[in-house]
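Quick note on labels: first sequence line is chain A, next is B, and so on, each numbered from 1.
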2 protein chains.
Amino acid sequence: MAVYTEVPDGELAAFIAAYDIGDVVSCKGIAEGVENSNYILHTTGGSYILTLYEKRVHKEDLPFFLGLMEHLAEKGLNCPTPIKARDGVALRELCGRPAALISFLEGMWPRRPTEKHCQQVGVALADLHLKGADFPMQRPNNLSVEGWRLLVASTKDRADEVKPGLGQVITAELDHLAGNWPTGLARGVIHADLFPDNVFFIGERLSGLIDFYFACTDFLAYDLAICLNAWCFEAASGGRAGEFNVTKARLMIEGYRRLRPLSDDELAALPLLARGSALRFLLTRLYDWLNHPPGAFVQPKDPLEYLKKLTFHQQARSVAAYGL
Amino acid sequence: MAVYTEVPDGELAAFIAAYDIGDVVSCKGIAEGVENSNYILHTTGGSYILTLYEKRVHKEDLPFFLGLMEHLAEKGLNCPTPIKARDGVALRELCGRPAALISFLEGMWPRRPTEKHCQQVGVALADLHLKGADFPMQRPNNLSVEGWRLLVASTKDRADEVKPGLGQVITAELDHLAGNWPTGLARGVIHADLFPDNVFFIGERLSGLIDFYFACTDFLAYDLAICLNAWCFEAASGGRAGEFNVTKARLMIEGYRRLRPLSDDELAALPLLARGSALRFLLTRLYDWLNHPPGAFVQPKDPLEYLKKLTFHQQARSVAAYGL
């Protein structure tokens with residue numbers, strides 16, 4: 001939960017005056033999102049999200065993120081789209097920060113993902129990949145192998161504070177992945193962070209995807225591997241805590257394949273991609289765990305949840321482990 | 001900024017099904033309010049505020065607060081009003097907490113109060129007092145003299161950690177106020193916390209009052225004294241930092257008197273009531289400052305801002321100090 005930048009009413013009114021969206025009637029900071037400051041803005045014209053980009057987002061990446069949302073929305077994907085001011089520019093400045101006004105996407109993210117949710121996420125992910133295929137911009141994935149190397153280097157000496165032996169596990173896993181990471185798989189725009197809190201549903205129907213601020217250019221099947229990790233393990237508490245739900249995985253992959261067939265190479269690589277994805281979230285969570293300032297707003301997430309997921313994928317011999 | 005209770009989508013849908021307000025289309029936690037968890041809820045029928053009452057609000061006070069909002073809104077005051085479910089009940093339960101759905105009030109609170117704002121606040125406060133006159137319920141003000149006595153007792157020994165001599169100042173001030181506190185002034189429902197963040201404006205027009213969770217039965221003129229403290233001193237930073245703005249005070253009092261005349265006794269008591277109000281916020285801020293857990297979400301407010309305000313009122317010989 002976070003609003004890092006307080007927007008005074010006067011500055012807001014001046015900012016909104018550049019748009020053709022009516023007058024401000026309310027603006028309230030949202031307690032969601034850990035990277036940026038987000039507000040729900042109601043104007044006489046409708047509801048919007050106002051985002052101020054804080055320092056963890058690189059300003060030079062914003063044209064990619066905003067351009068991608070606009071591209072996908074124009075192609076009919078249900079996702080927020082940047083609103084342009086009267087001068088045609090969407091990326092502006094407010095309170096000394098880059099800022100953009102984004103269309104409001106209705107829906108709620110599912111706190112307890114079901115099989116139906118997972119199936120629809122698979123379909124929506126393939127839809128995103130197909131609609132992103134002709135997006136002309138590129139952005140390297142700085143959280144792939146080279147990024148993991150940096151994260152391992154900066155966490156391995158203290159990793160055992162979190163769990164004895166963890167430093168050795170991440171070092172060995174990095175070596176394995178670096179030596180075996182695929183090269184020839186289909187590439188394109190991926191979301192790279194399609195966790196449940198970034199997928200909205202109205203009732204049981206998927207209503208859209210949000211938060212494209214990790215989007216980049218990488219293997220399409222790696223995006224599916226991220227979703228398998230994010231959606232198909234049971235919650236950390238409960239009767240089947242942390243178990244892999246093979247039915248959800250099968251439905252997700254089948255949903256994906258309904259729109260975009262997976263090649264034999266992609267299917268064969270899935271266990272390895274899932275290991276890489278598990279290591280990626282293990283490492284960023286581990287880094288945040290070791291480095292979060294005491295008293296920070298944001299409670300860091302448990303890195304060990306992803307150690308368990310990594311262990312599962314290490315034991316997967318083939319895509320059969322995912323229900324196919 | 002605070003959302004203490006996370007509301008799962010399933011629980012929310014079941015909760016909303018009891019109302020005639022359409023289906024949920026989105027629900028986002030608001031990073032405002034320090035006592036309760038607040039959400040902006042969009043349904044197919046409109047926008048609402050969903051409030052879950054956390055432990056600092058006493059459950060037995062909720063019928064007073066909700067009843068008052070309903071009473072005032074029915075009389076035409078612009079303020080949020082509780083929405084009743086189909087069974088006629090507004091105060092319900094969600095996620096194990098008392099919860100209510102409240103109408104959405106448009107507007108923004110002014111970050112830099114102007115003379116125009118102050119004048120309208122005076123008018124709106126008198127309007128609230130007149131419309132609250134026949135509200136049948138009573139709630140004692142537990143943050144008046146007896147409440148201050150408890151707060152002084154629990155802070156005076158450590159007050160000098162904040163500023164040397166502060167323990168002596170609050171003890172002496174309490175003695176003075178306890179010995180001279182008025183008894184015969186007009187009483188009724190007061191808001192008791194009408195700070196700028198609880199008054200909404202659309203453009204320069206006051207659009208409504210919110211947050212009745214300190215409302216109680218006390219001297220009406222004491223409510224005006226609270227507003228003088230909350231609105232008529234310049235901001236803590238800037239060229240005239242902390243100075244009393246006598247023009248704002250005069251406009252506020254004149255605005256008030258336009259709807260509800262102040263008796264000679266009320267006018268004569270104003271400096272003393274303003275001292276009491278300054279002590280009240282000095283003490284609660286001092287208590288929070290000395291007792292807030294490290295790493296808490298909410299940064300405590302500076303108690304010394306209210307020491308300066310108290311000093312101003314101690315030197316006021318009559319209502320002339322407030323521009324009359």
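Annotation for B/K75: atom NZ counts as buried by contact number, over 12 foreign heavy atoms lying within 6.0 Å. Surrounding NZ of B/K84 are at most 12 heavy atoms belonging to other residues, nucleotides or ligands under 6.0 Å away. More than 12 heavy atoms of other residues, nucleotides or ligands shown are found within 6.0 angstrom of NZ on B/K131. Heavy atoms from other residues, nucleotides or ligands lying under 6.0 Å from OH of A/Y287 number 12 at most.
With chain B as the partner, the residue from A/G10, A/S207, A/S26 showing the most heavy-atom pairs under 4.5 Å is A/S26. Among the candidates B/V24, B/I40, B/V7, the residue making the largest number of heavy-atom pairs closer than 4.5 Å to chain A is B/I40.
Interatomic distance, CD of A/E106 versus CG of B/D23, reported as 11.5 Å (0.5 Å rounding). If you take CE on A/M108 and NE2 on B/H42, they are separated by 12.5 Å, rounding to the nearest 0.5 Å.
Under the 4.5 Å side-chain criterion, counting only non-hydrogen atoms from C-beta, B/R111 is not in contact with A/L12.
Contacts of A/L41 with chain B are absent, with no heavy-atom separation under 4.5 Å from either backbone or side chain. Heavy-atom distances place no part of A/F201 under 4.5 Å from chain B, backbone and side chain included.
Nearest heavy atom pair, residue B/P110 against residue A/D9, reads CA-OD2, 3.3 Å.
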